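One structure is given below, encoded as structure tokens.
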Amino acid sequence: MQNRIIQVNNLQKTYGQVRAVNGVSFHVHAGEIFGLLGPNGAGKTTTIEMMEGLRHPDEGEVYIDGLSVTRERKKIRSLVGVQLQSTSLFGKLRVDEILRLYASFYKRSVSVETILNQMNLDEKRKDLVDDLSGGQKQRLAIGLALIHDPKIIFLDEPTTGLDPQARRSLWEIILALKRQGKTILLSTHYMEEAQTLCDRLAIMDKGEIKAMDTPDQLIADLEMESAIRFHWPGEDGPFSELKAVTKVTREKEHVILYTHHLQDSLTSLVRWADQVDQPLYDLHTRRATLEDVFLHLTGRSLREE
Amino acid sequence: MNAYIQLTLSQLRLFARNKSVIFWTTLFPLFLMVMLGLFLGGGSTTSVSLGWVDLDQSTYSENMKETFLSTEAVQLEEWHDVDKAKDALEEGDLSIVMVIPEGFAKEIEGGGEVTSFDVYYDEVNQAVAQVGFALIDQAVDDINKAFVDFQETVAYTPIGLQSADLTYLDFLVPGIVALMILSSNMNGVTAQIASWRERGILRRLQSTGLPASTFIAAQITARFVLNGAQALLVLLVGIYLLGAKMNGSWLLLFFYLVLGILVFMAIGFIIASLAKTPEHASPVAGFLSFPMFFLGGIFFPISDMPEFLQPVVYAIPISHLADVLRQVMNVGAGLIDLWIPTVVLFIWFAASFAVAAWSFKWE
């Protein structure tokens, strides 16, 4: 069995009437990237903050490297690096100044040079934090989380609000950290990010974990590895009876068929269309994504619309 | 220790790079002091230029004139035309115009109805007018006593008011220093801490395992350096450029500066802790500090405040801070002379620090 570096047991947190986190349990293996995927308000941040020891859970317990987070918070500080959501940086400090400031909080720290290098911020060392781009700020925030060379890194929605290019460059950095042997716990509401980065992930909604596995297995488990989408304004045909089709949904004038065997479903769809002499327009096939998994589990889309 | 030094340095850098801090907490009070000092100080006694229009020309009116002439704070100018004197008042050349009507003496001798005369004053310039009224009251009182052959049953010794040779500037400079400490700490601490909390900066600091005591110690140190420099600047400009007096001990003055900074910093921390968001915190700090500007005896002497406000005035710390700074600078008072305000300030310090420490939260 792999080393369970983080163990989360039945975490619960209630704010007034709202159950922000409702009985969450999981574990993280050493050296993997574990993701919490869910929409805003799913309880990801609250879960992470309880794991970091920043919030006290109403129920449940978190163990990091065998230490209880609620009881041995001090010891855990040096094991974990934290990048918080939002703008938790001093805007009027320069990049190297803020790195030195954070380094001073720990007994042991990596050199400022190393972090600047690792985070691709060498040229920005003398810039004020306020003058950095969104991507650079996020890289700095991650750099600050690494300053004391922690084993485990918590990244709370590290790429929210970044443009696609900045997001990709941050993914590179996160994957590089994994190669260094860090254990990374990451929350996100981008399914593409979860799919690219995470070794395993938990899908969260309304304070609960709906499913947990590797991204590929989550999709495979749904028995709808692929989706077929085509223009079909008229009445539905007997789509659900087509070979290997597991689910039929409609998006306005388009029909989407989920299937666990693309070729079979596609052939039988085309054959049926020939029989009824109706042409298929705008036919696409694609691999099912975590977005589809989420939709299937919760009946809602990940994106807030 | 390293964390404390780095935090203090960082805070000082944040001050230096924040233009609004520099403007509102340093340049603005300095500007205010220089402007008020030049306008109202005039380098001499808070003097009232009195336009004297005597339409009666009796011994009584002459008597009154003598009284005013002998009052050091009054510069009496004789005018013959009421309208011209009023014009001069509107122009700001005179602070007050007194008109002694014809037949004033006869009325007094006739007895019965209370004899009156008119006093014109500039409603805009209330502060000077108030001083003028106080002087007139005094003069009229003296005259009344003389006229009615008042037998003094109780002898009173006029206590040499220290204000005799003090200028408005002498009054103002310590007040401005007190104001600066109040606003820099109460508003500054509140706005900064509340915004750091809102933005998660405090939580990020907390997640490093930084002890709250180190954080607060660094805050205090950095603010001492900032406020110390600001106060010194105002004092040096006030004393050496504008000519305010410094009769007391610099050491004692410094002691009170430190005490004042601690009191208002602690109050700032309390407000920041109690307010939920920066949107709440700043108005609350403003709401509490604004009346202190006016009630604290910074611009006007406390004795000029309406009576019902006086208990409030004596309860709030700013009035005592302004008072002790003033006493030290103006009169050269010592710690023993000032034990009451010192005790009050210490009580404020102890109580507000206890509450601040108790209510401080990272998030």
Side-chain angles (χ1 to χ4, degrees), chain A residues 45-46 48-56 69 72-94 96-109 112 127-131 137 140-142 144-148 150 152-154 156-157, chain B residues 1-25 188-189 191-219 221-223 225-226 272 276-279 360-363:
Chain A
T45 297
T46 310
I48 290 190
E49 287 179 347
M50 288 190 284
M51 295 172 72
E52 292 162 346
L54 291 177
R55 282 184 203 283
H56 199 86
V69 168
E72 292 170 280
R73 235 153 65 159
K74 282 240 166 69
K75 283 186 191 163
I76 281 167
R77 303 284 192 216
S78 61
L79 290 176
V80 302
V82 173
Q83 170 261 323
L84 293 176
Q85 214 171 329
S86 82
T87 52
S88 53
L89 302 170
F90 296 98
K92 293 269 185 264
L93 287 186
R94 299 187 200 288
D96 59 339
E97 289 169 353
I98 196 168
L99 283 165
R100 265 200 305 275
L101 173 67
Y102 276 81
S104 77
F105 299 156
Y106 299 98
K107 285 199 187 86
R108 217 163 46 89
S109 62
V112 169
D127 285 23
L128 290 183
V129 173
D130 273 348
D131 297 337
K137 272 185 199 159
L140 176 59
I142 295 175
L144 291 172
L146 296 172
I147 195 89
H148 56 299
I152 302 156
I153 303 159
F154 289 98
D156 194 2
E157 307 215 339
Chain B
M1 197 58 196
N2 192 17
Y4 163 75
I5 292 167
Q6 283 289 337
L7 273 168
T8 308
L9 273 178
S10 300
Q11 178 65 70
L12 287 173
R13 289 190 183 114
L14 294 177
F15 285 144
R17 289 172 193 162
N18 189 335
K19 289 180 188 72
S20 81
V21 165
I22 295 180
F23 179 78
W24 285 109
T25 65
V189 172
Q192 187 181 51
I193 297 299
S195 126
W196 284 4
R197 183 172 293 130
E198 162 98 354
R199 286 167 55 197
I201 289 181
L202 290 187
R203 204 120 52 80
R204 182 63 185 83
L205 289 176
Q206 181 199 14
S207 74
T208 65
L210 177 75
S213 56
T214 308
F215 172 74
I216 291 173
Q219 280 287 310
T221 314
R223 287 195 177 272
V225 173
L226 174 77
K276 287 205 174 72
T277 67
E279 287 75 41
F360 182 77
K361 27 186 202 281
W362 287 105
E363 53 180 282

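Lettering follows sequence order; numbering is per chain, from 1. Note that this is a predicted model, so its numbers are computed, not measured.
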field: Polar side-chain atom of B/Arg17 near backbone of A/Lys92 as donor-acceptor pair, under 3.5 Å
entry: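 Yes; at least one donor-acceptor contact below 3.5 Å.
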
query: Tell me, side chain or backbone of B/Leu7 under 4.5 Å from chain A's heavy atoms, or both, or neither?
result: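 Both backbone and side chain.
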
- request: Flag the pair A/Leu99 / A/Leu140 as yes when at least one side-chain heavy-atom distance between them is below 4.5 Å, and no otherwise.
  value: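 Yes; the side chains approach each other to less than 4.5 Å.
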
task: Measure the shortest side-chain to side-chain distance between A/Gln83 and A/Leu144 over non-hydrogen atoms and say whether it is less than 4.5 angstrom.
output: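 Answer no - side chains too far apart.
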
message: Using a 4.5 angstrom heavy-atom cutoff, name the option from B/Thr214, B/Asn2, B/Asn18 with the most pairs to chain A.
response: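 Option with the top pair count is B/Asn2.
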
field: Best-contacting candidate, B/Ile5, B/Leu210, B/Leu14, against chain A by heavy atom pairs under 4.5 angstrom
entry: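 Of the options given, most contacts go to B/Leu14.
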
query: Is it the side chain or the backbone of A/Arg73 that comes within 4.5 Å of chain B heavy atoms, both, or neither?
result: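 The side chain, not the backbone.
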
- prompt: Should the ring pair A/Tyr106 and A/His148 be called parallel, tilted or perpendicular, given that the plane angle runs from 0 to 90° and is split at 30 and 60?
  reply: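 Plane angle under 30°, so parallel.
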
